[in-house]
Amino acid sequence: MSLIADLSERFAVAFEKLGLDPSLGIVTVSDRSDLAQFQCNGALAAAKAAGRAPRDIAEDVVGGAADPDVFSELSVAGAGFINIKLTDQFLGQWLASVAADGRFGAQRHTGNGKVLVDFGGPNVAKAMHVGHLRASLIGDSLQKIFRWAGYDVISDIHIGDWGTQMGQLLIEVERRFPDLPYFDAGYTGPYPEEAPVTLDDLQEMYPVVAARTDEDPEERDRARRATLELQQGRAGYLALWQHFWNVSHEAQQADFEKLGIRFDLWYGESTVHDRVAPMLEKLAAAGTIVEDEGAQIMVVAEEGDRKEIPPLLLTKSDGGYLYGTTDLATVDHRVEMGVGLALYVVDARQALHFEQVFRAAHKSGIAPPEMILEHVPFGTMNGPDGKPFKTREGGVLKLDDLIGMVTGAAYRRLEEAELATNYGEEERREISRQVGLAALKYGDLSNHRTSNYVFDLDRFTSFEGKTGPYLQYGAVRIKSILRRAGERDLAPGEILAPANDAERQLMLVVTRFPEVLDRSVEFRAPNHLAEYAYDMVVAFNRFYEACHILREEDAGRQASWLRLVEVTLGLLTLLLELLGIDVPERM
Ligand code: ARG
């Protein structure tokens, strides 16, 4: 149980003894840390129903909750707030129990079925943009948080590989290399094993053909037909499409590897292709979808909608499938996989799409009523000009370039801070890479996901302030304290009551973990953990300044401090891990 939950229970009992609702006993961390450690505001809420002055109720609650072993101070303030301070003995004992628990006091969550995290979502043959970067960082952190919290998690990259852009690329390759066997309808194979194009070729081709189909209706129609024929299984197109997929996949794998991000499944839109036709037949038979000028649509508007929710388009008049079609079939697939909660970590701009798809899934019965489908939206990463981040050349971001940029900046920062200076070049580069990624990830995850933020390389890579490198360096320093203690044969021991305020504050921060974890799960928001990790390093640094651990003469005290250092390191390492940030051995 968490400390806050324990305290809340004590106050719940006190309220109940007065014949009041026990849920009034909720205790929170004090917002006036100069006055108290915790507070309970239940008396104010109780006053009306009880027909008594809140201060009177508060006095009675204090009387009922009083326990000299637990509370060093319970006092009524202002209109009827209860201020709470713990005895040092109680706090020390609490920390000892946290130290003995591999989960730092956090409960194990269980869900109704598996949790699927759909994130990353790059498209075949198209360069990833910042939206994909954010999806990747936030989604990866969420898969880690949910997994650690105890859920059975599956992550799926859901690659965009079955839409119009596939047809566009097919016609562009045909235009340039008309003699390739893929375009010869009479050819019976086998098709060449070697890809006729590289990823660079495709990325160069894509904007060219996109512009052409934009302007020229005939070309647009050709691309549409090619897409349709691909979806209908034309052998040559499928073989060429497979090459597109493979070259993209290789690059994407390398990109995600560099970010330290793993997916359980590399599924995509095309994965569910075979499910689409039977799904549509069933829906048509049930009358859930209707014909509309040759297209098939599902009406998903609901009574009470405050804005218009247009129908979900499932087939075009030519029979081709759309983004929503494959997404709906993907829900069907996920139901089969035993998913109870699906989180779609995708750009906020796709909110309407998901609203339509989720409604369609429930309305049609594809998703059982208890299955939760949830869009986890996020804002944009902007450049200094306040517009979506672009490279200096004005192009979309290439992940490789971005990683190179943050690594380079980290390298210079390390030099500036005179860190890692006497290590070999290879280690320095490796540390720079880790620091650069920490800067990038923390810079993103420390914001609430729905807000937009400015990518500020200078600020993100600084070793001061609320940054990834600051936290990483904090963890490295803690490691080195433990290493030096080990070299002197000093071992952590039993945790005692805190000896001074800095130590007390650090202990209080450590006890907050279970709530912070729960909040980040509940709101699907890694920033709570990011913020908390920062509070922890700040509190640790104060503690370390106040307590001269290695020089301490009282062996019991020293061993207790070392255990606290160890717990802090374990927790901080976990927090960083949940944010996708590595801690170097030394710096
Ligand atoms: N490929 C899509 C894009 O680039 C993102 C996919 C998100 N996931 C999903 N199930 N639709 O916008």
Side-chain angles (χ1 to χ4, degrees), residues 114-140 142-143 154-169 202-203 206-207 210 227 241 244-245 248-249 251-252 255-256 261 263-273 275-276 279 300 312-314 321-337 339 341-362 366-367 371-381 388-389 396-399 449 524:
K114 296 177 182 156
V115 175
L116 185 130
V117 188
D118 177 319
F119 74 97
N123 297 313
V124 159
K126 251 170 106 176
M128 295 207 342
H129 54 68
V130 288
H132 295 120
L133 175 74
R134 289 213 72 192
S136 305
L137 302 183
I138 298 167
D140 183 46
L142 288 176
Q143 76 161 327
I154 316 171
S155 53
D156 179 11
I157 189 167
H158 201 79
I159 296 170
D161 60 3
W162 212 231
T164 318
Q165 72 218 39
M166 297 299 107
Q168 292 174 328
L169 286 169
L202 291 173
Q203 289 183 348
Y206 180 72
T227 310
W241 170 86
F244 295 169
W245 203 94
S248 293
H249 181 68
Q252 285 158 355
D255 273 349
F256 284 104
I261 296 177
F263 297 91
D264 298 317
L265 303 172
W266 282 75
Y267 288 168
E269 296 164 358
S270 67
T271 309
V272 293
H273 178 73
R275 287 173 185 270
V276 175
M279 172 182 87
V300 291
L312 180 68
L313 192 53
L314 288 166
Y321 303 152
L322 297 107
Y323 187 39
T325 326
T326 49
D327 254 333
L328 190 59
T330 300
V331 173
D332 182 51
H333 193 193
R334 291 175 178 172
V335 171
E336 222 174 77
M337 285 157 50
V339 172
L341 167 66
L343 301 175
Y344 292 73
V345 186
V346 187
D347 204 309
R349 283 171 297 193
Q350 294 193 24
L352 178 61
H353 166 77
F354 287 114
E355 182 71 52
Q356 292 173 300
V357 170
F358 297 165
R359 285 183 180 198
H362 281 296
I366 288 173
M371 182 185 198
I372 301 170
L373 300 165
E374 190 179 318
H375 179 204
V376 179
F378 52 81
T380 51
M381 170 172 125
F389 181 84
V396 287
L397 140 133
K398 271 212 179 121
L399 207 56
R449 59 180 162 72
R524 291 81 165 101

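Note: hydrogens, waters and symmetry copies are ignored here, and every other heavy atom, side chains too, is used. Bear in mind that the values here come from a model prediction, so they are computed numbers and not experimental data. When a ligand or atom number is given, it counts from 1 through the structure's own listing order.
- Contact of the Glu336 side chain with the Arg275 side chain is registered, since non-hydrogen atoms from C-beta on lie closer than 4.5 Å.
- Residue contacts with ligand 1, taken as heavy atom pairs separated by less than 4.0 Å, involve Asp327 solely via side-chain atoms from C-beta onward.
- The part of Phe354 lying near ligand 1 is the side chain, judged by heavy-atom distances below 4.0 Å.
- Distances below 4.0 Å separate heavy atoms of Tyr344 from the following atoms of ligand 1: 10 (N).
- Residues Asp156 and Arg334 meet the side-chain proximity criterion, which asks for heavy atoms closer than 4.5 Å.
- For ligand 1, one of its N or O atoms has an N or O atom of Asp118 under 3.5 Å away.
- Polar contact check, Asn123 against ligand 1: a nitrogen or oxygen pair lies under 3.5 Å apart.
- The shortest N or O to N or O distance between Gln350 and ligand 1 is below 3.5 Å.
- Residue-ligand proximity: Lys126 is placed with every non-hydrogen atom at 4.0 Å or more from ligand 1.
- Although no hydrogens or angles enter the test, the distance criterion places a donor-acceptor pair under 3.5 Å between the side chain of Asp264 and the main chain of Ser155.
- Of the protein's heavy atoms, His132 NE2, 2.8 Å lies nearest to atom 4 (O) of ligand 1.
- Remark: of the listed residues Trp245, Phe244, Trp241, Trp241 is the sole one forming a ring pair (Phe, Tyr, Trp, His ring centres under 6.0 Å) with Trp162.
- Two residues are said to be in side-chain contact when any heavy atoms from C-beta on lie closer than 4.5 Å; Gln143 and Val345 fail this criterion.
- Atom 6 (C) of ligand 1 has its closest protein heavy atom at Tyr323 OH, 3.4 Å.
- Nearest protein heavy-atom neighbour of atom 9 (C) of ligand 1: His158 CD2, 3.4 Å.
- Contact annotation: the side chain of Tyr267 approaches that of His333 to within less than 4.5 Å [non-hydrogen atoms, C-beta and beyond].
- The shortest side-chain heavy-atom distance between Leu142 and Phe119 does not fall under the 4.5 Å cut-off.
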